[in-house]
Amino acid sequence: MLGHTISKSFAERDQKHLWHPLTQHKLHATTLPIVKAKGAILHDEHGKEYIDGIASWYTAMYGHCNEHIIERVGRQMQQLDQVVFSGFTHPPAIELSEALVNILPDNQQKLFFSDNGSTAVEVGIKMALQYHFNKGHKKNVLLAFEDGFHGDTFGAMSVSGLSVYNGPFENFFLEVERIPVPNGTNTGEIQKTLENLLREKEAAAFVYEPLVQGAAAMKMHDAKGLDTILALLKKHEVLLVADEVMTGFGKTGTHFASDQVETKPDIICLSKALTAGLVPMGLTTCTEEVYGAFLSDDIAKGFFHGHTYSANPLACTAALAGIELLQSEEIQKNIANIMQWHQKFADEMRPHPKVKNVRHLGVIFALDLNVETQRYGNLRNKLFKHFMKEGVFLRPLGNTIYILPPYIISREQMEKIYASIRSAIALFQF
Ligand SMILES: *Cc1c(COP(=O)(O)O)cnc(C)c1O
């Protein structure tokens, strides 16, 4: 029996019991077994190597199996593995709070732990709704951008505008009003839309991805337009909930995307690169003002939300080690280098007749192919296969090809990604 199991490949054994996320298993028959990862490289079960051009969904920014992070977490593992965070505390959580508050926008003072990006947003929404409830305000509507993505739990799904797959659940959503993203020319219109909305609806909070909407194929916003919207909302006592799950920890060239916008959020949601790609964790941070609304002699005004693994000491240690790396001269220099390489590649791609809308911010690079995706529905899969054959892991979205490499990627590896994009564009007719 055991011999029989071993003689089958991982790919075959996978199919027997595993149900993968975001997958229609009838149409998508196979999954690729990855058995090892180091630095910017993924290794499959046959020994083929792939450059991880999206840092495994923007998590492993300091490289896979990073020695510094593994060493720190390994030591913590022998000291304290897990303890209840309700009534207890521990050094990794305390040290993380100090290190993170030190790099977050100045107004962020309190940290609330959860398990992933969706729960970080869920907590942000509940925090905002209860803030108003505790203050006796009647505010029950949430605002969000068109095409936003905030996760797959109910609150997070409700504020997400990319609702193609949310059909079965839409009747159960929170009440959300959507506004267009600022593109540099529509700020005045958005302002008017918002002013009308705020007259009709009792808006509690605005949930937004600052500057870059990841799942909307790296759609980038006009920072000034975003600031105008945020300032207007702040004036109307709408809490600003910045979802920095994707943009956080250096990806936009600053520690947080909110650093590039004058009006600061009241609440920030963090995950993904927070723990440097090692283990899952979510964090929701807020101002003293938000926290203060929960302080009361009435126990029910407290925030009764919690997860079993809240502030897991190993996850906190991974986050601390990640922040140390983020602040290192070496990583900051790498980020600056990648930004320069992207700039050059963008200049090269912009005039290409098969390319439109080249954009980049920090280490995020994206271009749209000059084609209607509805008519060429399988182009995305062809591109994906082409990149994988070339040993490059990228996940094109519709007609968008984007790169979000780990900071430790070498010049040579980055050139290989650019070359595979050039060859893909040359190869396919559209
Ligand atoms: C990935 C992502 C989420 C959801 O995080 P999960 O850990 O996958 O639940 C939420 N918001 C943004 C902006 C994201 O990119």
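Indexing begins at 1, ligand by ligand and atom by atom, following the structure's order. This is a predicted model, so every value here is computed, not measured. Just so you know, residue 1 is the first one in the sequence shown, and it goes up from there.
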Item to complete: Select one of side chain, backbone, both or neither to describe which atoms of Phe149 lie under 4.0 Å from any atom of ligand 1, heavy atoms only.
Response: both

Response to the item:
Per-atom filter on ligand 1: closer than 4.0 angstrom to a heavy atom of Gly117 are 4 (C), 5 (O), 6 (P), 7 (O), 9 (O)

Worksheet item: Which of the atoms of ligand 1 are close to Ser118, meaning less than 4.0 Å from one of its heavy atoms?
Response: 4 (C), 5 (O), 6 (P), 9 (O)

Worksheet item: Does the N or O separation between Ser271 and ligand 1 drop below 3.5 Å for any pair?
Response: no

Practice prompt. Using protein heavy atoms only, decide if any is under 4.0 Å from atom 9 (O) of ligand 1.
Written response: yes

Discussion item. Which label fits Phe172 and Phe154: parallel for a plane angle under 30°, tilted from 30 to 60°, or perpendicular past 60°?
Written reply: perpendicular

Worksheet entry | Near-ring test His360/Phe345, centroid separation under 6.0 angstrom | no

Fill in: Winner among Glu244, Met246, Lys272, Glu209 once heavy atoms are compared against atom 14 (C) of ligand 1
Lys272

Discussion item. If you measure every N or O of Gly151 against every N or O of ligand 1, does any of those distances drop under 3.5 Å?
Written reply: no

Discussion item. Can you name the atoms of ligand 1, numbered from 1 with element, that are less than 4.0 Å from a heavy atom of His150?
Written reply: 10 (C), 11 (N)

Worksheet item: Which atom pair, heavy atoms only, marks the closest approach of Ser310 to Phe113?
Response: OG-O, 3.7 Å

Discussion item. With respect to Asp243, determine whether any N or O atom, backbone or side chain, lies less than 3.5 Å from an N or O atom of ligand 1.
Written reply: yes

Worksheet item: For residues Asn116 and Ser271, is any side-chain donor paired with an opposing acceptor at under 3.5 Å?
Response: no

Worksheet, complete the sentence: The single option from Phe304, Phe303, Tyr291 that satisfies ring pair (Phe, Tyr, Trp, His ring centres under 6.0 Å) with Phe112 is Phe303

Worksheet item: Where is the tightest heavy-atom contact between Ser258 and Pro105, given as atom of each residue plus distance?
Response: CB-CG, 4.3 Å

Worksheet item: What distance do Phe256 atom CZ and Ile268 atom CD1 have between them, rounded to the nearest 0.5 Å?
Response: 6.5 Å

